[in-house]
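Worksheet: one structure, shown below.
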Amino acid sequence: MPKAKSKNELLDLIDQALAVAAPEGDPATLETLGRTYRDQLDEVGDLYKRVDKVARKGLPEVWVGDTSVLAQDAVGAASRSVSEMADAFQGGARALLALSDAVKDAQQQDAAGRRTLNDARGGLGGRDGYLDGLIETDEEKQALAAARSVAAAGADLMHKAAVAAHDAAGVAARDLNKWAAEARTGKMDTDELSAVDRLMLADASGVKGEAEYNEILTANELERSGRAMENLSPAERARMEKLMADASSPQEKAYLMKALAAGHGVGEVETFAGKIHGKDPAWLQEHLSPITTQGDSLDDQGTKYNGSNVNTDRQDFDSQGWTQGGDGQEGTCVASSTVTARAMVDPLYALELTGGPSGQEDDPDAFRQRLVDEQHRVHTEGDGGANWNSMGLDGKTEVLNKEVSPDTGSAYELQEVRTADARRDALPEIEKAVAEGKPVPIGVEGHDDNGKRSGHAMMIIGQEGDMLQIYNPWGTTTWVSEDDFVNGGMAKASNDGLPNAYAVHLPQD
């Protein structure tokens, strides 16, 4: 608007601005939905009190469900599930009510901007003819300048309204996707397991780290394993149910179902079950879950001299890190992050790496050799560079779809995000994917003072609020904010030579 050189040009710009659609959404409907969610909290609270009372009272050691679950364990899981349900209703209500307020405010601000633009247009009068523009009086110049200023203010109000509505919708989508993924027990839609069995599987977590950050079965895996049970023949289903009934812990049962979710047949699951049967939960987590997230991992402890976060979790097996090249010196970051991502979603693959052919090994040196060999295999598969260094985006897409997609059921598609707006637009899909348990590969880059580029590949593996959990194949995990991701703060997950995200690979449903 300020650059309009004539009345007609300003009128055209005003008409273009007014033609932009106002922020969409019905604040009243959103508010009603939010209040409906919030109204459920009293009923959920009453249910929690009843379940918690039974949990604290204690039950005899009786078995329930199709796969032999202790009644006391089932009640404890039910208590935690009801608590999570309350959190979900409260979180969903908060997200919807906040969105209602934001849409209402944005629509009011947009309307104010449109009134201001119409005032500017009204003050200008009709369009000039050809001869009218040949001579412009001082009075006309002053009127045009005043109209430009008024029109610019109106356009600015409309722009701010559009940005506010867009940002609010993104936050609401992030939070609602997260709470939907947290409704875990309902994800396993199968009649082949009892409600108690489904509840226990959804509740099973690793014993190291914070339980809610280390659930064994992701939302996607609960859904896939339930569907897989439905598709088994009666004979195969009976074999699977026996494996589950014979398992010695809820964690062991969960890893068996995780194997089924990864696409393995019952025969493969039986072989796997023989290798892990009777192992304690700590052994299972060490051998079958590459990533353990500590309860204090989200604490902001500042950054180091090189821009990386002070607070990081080292990810290792028996003192050997899940690290590219074994020691971080090779440039196989794409292959290495892919290998770890596959191990996160396929426990048979993880055990091959950690436990060797027998599945029983606890040798960090042997693990390192197998890990590096596998990284080299994937690097070669993706036509990576010489001397185990770098891989192109096409190769990255290829190895992700060969190595990880079969286990998650979602093909990966490259999306370049070289601007802040592109990164912001990609956030809802990224956060939905990781909330469901599908890792999202991310490429980061930077340039030195001489313009020389450096690049690195990492993996987005978790989301809490406005924070993203990043696995770096240097052998660590840490958290960065949405703002860090959008505005060049990815050094926190690596170092100050790699601040900018430039590409992600998004799972396609």
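These numbers come from a predicted model, not from an experiment.
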Determine yes or no for a side-chain-to-main-chain donor-acceptor pair under 3.5 angstrom, with [X] supplying the side chain and [Y] the backbone.
| X | Y | answer |
| --- | --- | --- |
| Glu221 | Thr218 | yes |
| Glu268 | Gly265 | yes |
| Gln463 | Gly465 | yes |
| Gln251 | Ala204 | no |
| Asn495 | Gly497 | yes |
| His379 | Gly385 | yes |
| Ser249 | Glu252 | yes |
| Lys275 | Pro357 | yes |
| Arg342 | Val404 | no |
| Gln285 | Val207 | yes |

Could you check whether any side-chain heavy atom of [X] comes within less than 4.5 Å of a side-chain heavy atom of [Y], counting everything from C-beta outward?
| X | Y | value |
| --- | --- | --- |
| Leu97 | Glu31 | yes |
| Arg224 | Asn220 | yes |
| Val504 | Pro441 | no |
| Ile461 | Val434 | no |
| Pro250 | Asp203 | no |
| Phe485 | Ile442 | yes |
| Lys438 | Lys432 | no |
| Leu256 | Ile276 | yes |

May I ask you to check whether [X] and [Y] show a side-chain donor-acceptor distance below 3.5 Å?
| X | Y | result |
| --- | --- | --- |
| Asn472 | His456 | yes |
| Thr323 | Trp474 | no |
| Glu374 | Tyr349 | yes |
| Glu210 | Asn214 | no |
| Tyr255 | Ser289 | yes |
| His264 | Asp346 | yes |
| Ser481 | Asp483 | no |
| Thr293 | Gln469 | yes |
| Thr397 | Asp394 | no |

About how many Å separate [atom2] of [Y] and [atom1] of [X], when rounded to the nearest 0.5 Å?
| X | Y | atom1 | atom2 | result |
| --- | --- | --- | --- | --- |
| Arg453 | Asp448 | CZ | CG | 12.0 Å |
| Gln320 | Thr354 | CD | OG1 | 12.5 Å |
| Leu468 | Ile460 | CG | CD1 | 5.5 Å |
| Ser410 | Gln508 | OG | CD | 8.0 Å |
| Thr312 | Gln301 | OG1 | CD | 9.0 Å |
| Met158 | Asp110 | CE | CG | 5.0 Å |

Side-chain ion pair, [X] and [Y], N-O less than 4.0 Å:
| X | Y | result |
| --- | --- | --- |
| Asp466 | Arg174 | no |
| Arg418 | Glu445 | yes |
| Arg424 | Glu482 | no |
| Glu361 | Arg370 | yes |
| Arg239 | Glu270 | yes |
| Arg377 | Glu403 | yes |
| Arg237 | Glu241 | no |

Minimum heavy-atom distance between [X] and [Y], given as atom pair plus value:
| X | Y | result |
| --- | --- | --- |
| Trp479 | Ser297 | NE1-OG, 3.0 Å |
| Leu260 | Ala228 | CG-CB, 3.7 Å |
| Pro290 | Ala343 | CG-CB, 3.5 Å |
| Arg423 | Val417 | NH1-O, 3.0 Å |
| Gly206 | Ile216 | N-CG1, 4.1 Å |
| Asp316 | Glu286 | O-OE2, 4.2 Å |

With Tyr471 as partner, the option from Thr340, Asp313, Thr478 fulfilling side-chain hydrogen bond (donor to acceptor under 3.5 Å, both in side chains) is Thr340
Side chain to side chain contact (heavy atoms under 4.5 Å, CB included) evaluation trace for Asp383 with Met391:
CA-CA 7 Å; Asp383 197 25; Met391 184 187 296; over 6 Å; no
Establish, for the pair Arg368 and Phe317, whether the NZ or CZ atom is under 6.0 angstrom from the six-membered ring centre and no further than 45 degrees off its axis.
no
If you apply the rule side-chain hydrogen bond (donor to acceptor under 3.5 Å, both in side chains), what do you find for Thr419 with Asp421, and how did you get there?
CA-CA 5 Å; Thr419 67; Asp421 285 343; 5.5 Å; no
Classify the angle between the aromatic ring planes of Trp388 and His376 as parallel (below 30°), tilted (30 to 60°) or perpendicular (above 60°).
parallel
